[in-house]
Amino acid sequence: MAQLAQVIVDVPTMQTNQPYSYQVPPELENLIQKGMRVSVPFGKGSRQVQGFVVGLDQPTDYQGELKPISALMDLQPVLNPELLELSHWLADHTYAFWISSIYTMLPNALKAKSKRLVMPTTSLPDDERQQLFGDQPMLDLATVQDQPTVVSHLLRLRRQHQVKIEYQLTDRARAKTMLAIRPVLNFEQLENERQLLKANAHAQNALLSYLETIQNKTVLQTTAEQTTGLSSAIFNTGVKKGWLEKLSVEVYRQPQSQSQLPDDHHLQKPLQLNDDQSAAVKQINHSIDQQEATTYLLEGVTGSGKTEVYLQSIAKALETGRTALMLVPEISLTPQIVNRVKARFGSTVAVLHSSLSVGERYDEWRRIERGEAKVVVGARSAIFAPLTNLGLIILDEEHESSYKQDESPRYHAREVAKWRSRYNHATLVLGSATPSLESRARAMKGVYQLLRLPHRVNKQPLPPIQVVDMREEIKQRGESNFSASLLNKLNDRLARHEQSILMLNRRGFSSFMMCRDCGQVLKCPNCDISLTMHLDSHTMKCHYCGHEEPIPYRCPNCGSREIRYYGTGTEKVERELNQLLPQARVIRMDVDTTRRKGMHEKLLRQFGQGQADILLGTQMIAKGLDFPNVTLVGVLNADTGLGLPDFRASERTFDLLSQVSGRAGRANKQGEVLIQTFNPDHYAIRYAQANDYEGFFKREMALRHQASYPPYYYTVRIMASHPDEAVAARVVTRLHQLLQKRLLPSSIILGPTPRPIARMKRRYYYQIVIKYKRDPGLHAALFDILQSTQSRGFNDVQVSIDPDPQYFM
DNA sequence: AGCACGCCGACT
DNA sequence: GTCGGCGTGCTC
């Protein structure tokens with residue numbers, strides 16, 4: 001009996017979301033292992049797909065003939081036992097396909113590209129061959145995919161055996177290789193060769209000396225050329241004469257940002273801890289020593305030195321021979337933290353940067369996998385880093401919603417971190433100045449251990465926060481984005497050569513355009529959203545689907561020229577700053593100015609070096625920045641998030657204001673903060689102004705309790721969409737009925753309702769939100785719902801299930 | 001996903 | 001009659 005393997009194939013659909021059994025050919029029996037990639041035939045024809053071995057020798061009740069595995073794609077498993085198990089849990093937990101969960105955990109390079117190549121057979125008439133193929137021996141089906149008639153013609157020819165299709169799987173996981181040299185002679189032999197040289201053969205003489213110095217080591221040819229100053233021709237001569245051999249060796253690609261290690265020596269040594277920090281480090285380190293899967297909530301005000309606590313805990317994990325994983329919300333926005341980790345731990349650190357190329361990311365991943373990197377820093381997906389022997393996991397800014405992936409698999413890095421913490425008996429540290437209500441509530445219940453850092457390390461008080469009521473301001477001074485008080489303070493900073501940060505949570509120039517004559521608002525043709533004017537590109541853009549069109553000069557509805565633009569974005573404010581403070585140098589930082597690779601770092605570096613007076617940006621500038629010369633933070637409009645139909649709107653506003661306020665007065669200069677708002681009495685703004693997390697927490701918890709929202713209840717969102725609104729509505733009503741039958745009476749079903757943005761990318765969306773405390777049947781019911789939408793009558797219907805949704809738009 | 005089969009209306 | 005559109009079902 002041949003050996004069997006269970007394989008998850010790269011076909012992400014509900015019907016194929018299960019292991020398929022294959023025969024293991026005898027020659028692979030000793031090589032195959034769980035977690036390896038394989039190439040298998042799947043479906044009609046000889047179509048090859050990539051798959052992952054998830055089991056060996058499990059019995060199958062499949063009645064048909066089992067096909068054999070075509071080939072192994074790896075010599076070693078790409079998923080170790082932990083990650084394989086995690087992928088299964090992840091799929092189950094997020095209602096995602098197993099294959100999607102696996103790919104989410106691996107670098108993109110490990111997803112083989114499949115190609116379909118069409119080739120003529122001898123029975124294809126010459127004239128037709130000439131017409132279809134020209135002089136080419138084959139053609140890639142992908143290149144004609146946009147011409148349906150050509151495709152169907154080719155498929156018909158295939159049925160008639162006039163052409164054949166070959167399936168090619170091309171693995172992109174290529175290690176980079178470089179040319180290297182290695183001496184083949186020993187010292188005496190090299191000396192003998194030297195005797196035979198002509199007196200004027202200086203270059204060859206030098207090469208011999210060099211070979212003697214490197215003995216039998218392998219050296220990259222580029223390195224050898226650089227150190228000796230000899231040309232590649234001389235090395236070729238050396239090969240001919242049998243002195244050395246050339247070979248290709250694997251090298252890691254050097255990401256540019258990676259190559260320069262920070263040389264700030266003061267960052268390399270552990271800093272002196274204050275009492276609060278010491279107490280925190282002591283507890284965390286004790287857990288690391290004891291190999292406890294304890295979760296700590298490290299609640300520290302901005303500037304309280306959380307990073308140093310992380311670093312000393314990482315050092316502890318390494319001392320005990322274990323590895324450490326640290327997540328940050330968005331790596332390009334927090335280069336300062338990353339630099340500190342690299343400075344402290346050097347080349348043992350791997351950074352999983354979101355802007356690494358496919359190859360670079362693969363190299364970093366392999367460095368980790370091979371155990372060459374013992375500390376990993378990265379954003380959300382770094383939680384899947386293939387570290388073994390994990391001793392410590394850190395989530396910095398644990399409240400950040402970017403830790404939740406907003407596409408399938410919709411996982412929260414915090415939940416994955418808990419899973420890995422339990423699996424590895426690793427200590428987990430959740431750090432934040434403004435913990436999520438969920439985490440803080442767990443800390444109150446004793447599920448997490450609460451550690452506090454209530455004081456700033458520089459002993460500076462938190463910056464005073466002034467709130468400006470923009471309603472009053474406009475009454476007295478007319479429409480403006482800048483209050484008198486903010487302008488004064490900005491002028492002040494300019495005079496004192498100090499820097500300011502201004503935040504406006506909206507990009508573009510104007511957020512919508514309206515005709516004064518007929519009231520027409522220009523909307524996106526694909527979405528239920530008004531278009532934003534961008535002067536940079538001279539277009540109207542949709543921020544949801546990317547649609548762009550020219551700026552109209554006449555109303556598209558009535559032809560009137562009376563078009564007005566309303567709402568303010570960062571582009572407009574940048575202009576206003578140039579007019580109001582012509583001497584100020586402004587850097588604007590938003591999605592539009594940082595789209596290009598490396599722009600984040602560049603703009604932040606410029607600001608850090610004092611090449612600008614004002615950093616103007618969207619919320620991306622709120623996190624982690626630490627510029628000692630910044631003494632003023634201004635929030636132009638604190639209300640943008642408050643009106644949203646989302647139970648977390650207040651929490652997010654409070655977090656954002658607290659975070660951005662913390663950017664002021666980081667070093668020895670006192671900072672101050674000014675918040676402009678139309679809702680000066682809103683509790684989120686009041687508590688942020690008072691730096692009162694505790695007060696906010698109590699108030700918000702009461703509201704959540706009253707409305708049965710997290711952390712008192714769990715939520716899950718079911719969303720269905722279809723190009724036809726009536727179909728979407730009908731489907732979601734059907735799902736609602738199915739759910740009602742299966743849920744406990746204690747669970748609350750909200751909806752179905754149209755989603756707040758009802759139409760997006762030409763599809764209509766309806767949603768149901770379930771609030772529940774404990775409902776053992778829910779999980780299975782949701783899976784059945786997904787299953788039910790696979791049947792007929794659900795054509796072109798998309799259903800997604802989001803456990804613990806972060807947004808409801 | 002990608003393919004085939006089978007059922008319908010519209011053509012050489 | 002047959003071509004090709006689309007809905008449906010299956011892939012170890």
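Letters go in sequence order (proteins before strands), and every chain restarts at 1. What you see below is based on every heavy atom in this structure, not just the backbone, and it leaves out hydrogens, waters and symmetry mates.
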Rounded distance (Å) that lies between atom P of C/dC12 and atom CD1 of A/Ile69:
13 Å
Would you please say whether a donor-acceptor pair under 3.5 Å links the side chains of A/Tyr167 and A/Ser114?
no
Counting the atoms with a prime plus P, OP1 and OP2 as sugar-phosphate, which does A/Pro19 contact under 4.0 Å by heavy atoms, base, sugar-phosphate, or nothing?
nothing
Listed nucleotide nearest any side-chain atom of A/Arg158, set B/dA1, B/dC3, C/dT11:
B/dC3
Using OP1 and OP2 only, check whether a side-chain N or O of A/Arg116 sits under 4.0 Å from B/dA1.
no
Between C1' on B/dA1 and CD1 on A/Ile165, what's the gap in Å once rounded to a whole number?
14 Å
A/Tyr20 OH to C/dC12 C1': how many Å, rounded?
7 Å
OP1, OP2 of B/dA4 versus side-chain N and O of A/Lys44: anything below 4.0 Å?
no
Taking C/dG7, C/dC12, B/dA1 as options, the one with an atom nearest any side-chain atom of A/Asn795 is C/dG7
Is A/Tyr22 touching bases, backbone alone, or none of the nucleic acid, heavy atoms closer than 4.0 Å?
sugar-phosphate
With the side chain of A/Arg47 defined as its heavy atoms from C-beta on, choose the nearest nucleotide among C/dC10, B/dG2, C/dC12.
B/dG2
Atom CZ of A/Phe42 to atom C1' of C/dC12: distance rounded to whole Å?
7 Å
May I have the distance from A/Gln50 (atom CD) to B/dA1 (atom P), rounded to whole angstrom?
16 Å
Checking side-chain polar atoms at under 3.5 Å, does A/Gln405 have a donor or acceptor matched by the opposite partner on A/Arg410?
no
Check: A/Glu82/A/Asn424 side-chain N/O donor and acceptor closer than 3.5 Å:
yes
Parallel, tilted or perpendicular for A/Tyr362 and A/Trp365, by the 30°/60° rule?
parallel
Quickly work out the A/His161 NE2 to B/dA4 C1' distance and round it to whole Å.
13 Å
Using atom NE2 of A/His153 as one end and atom P of C/dC3 as the other, report the distance to the nearest whole Å.
12 Å
Name the closest nucleotide to the A/Gln15 side chain, picking from C/dC12, C/dC10, B/dG2.
C/dC10
Assess the side chains of A/Tyr766 and A/His722: does a donor N or O sit below 3.5 Å from an acceptor N or O?
no
Starting at CD of A/Gln787 and ending at P of C/dG9, how long is that distance when rounded to a whole Å?
13 Å
What's A/Tyr167 touching, base or sugar-phosphate or nothing? Going by heavy atoms closer than 4.0 Å.
sugar-phosphate
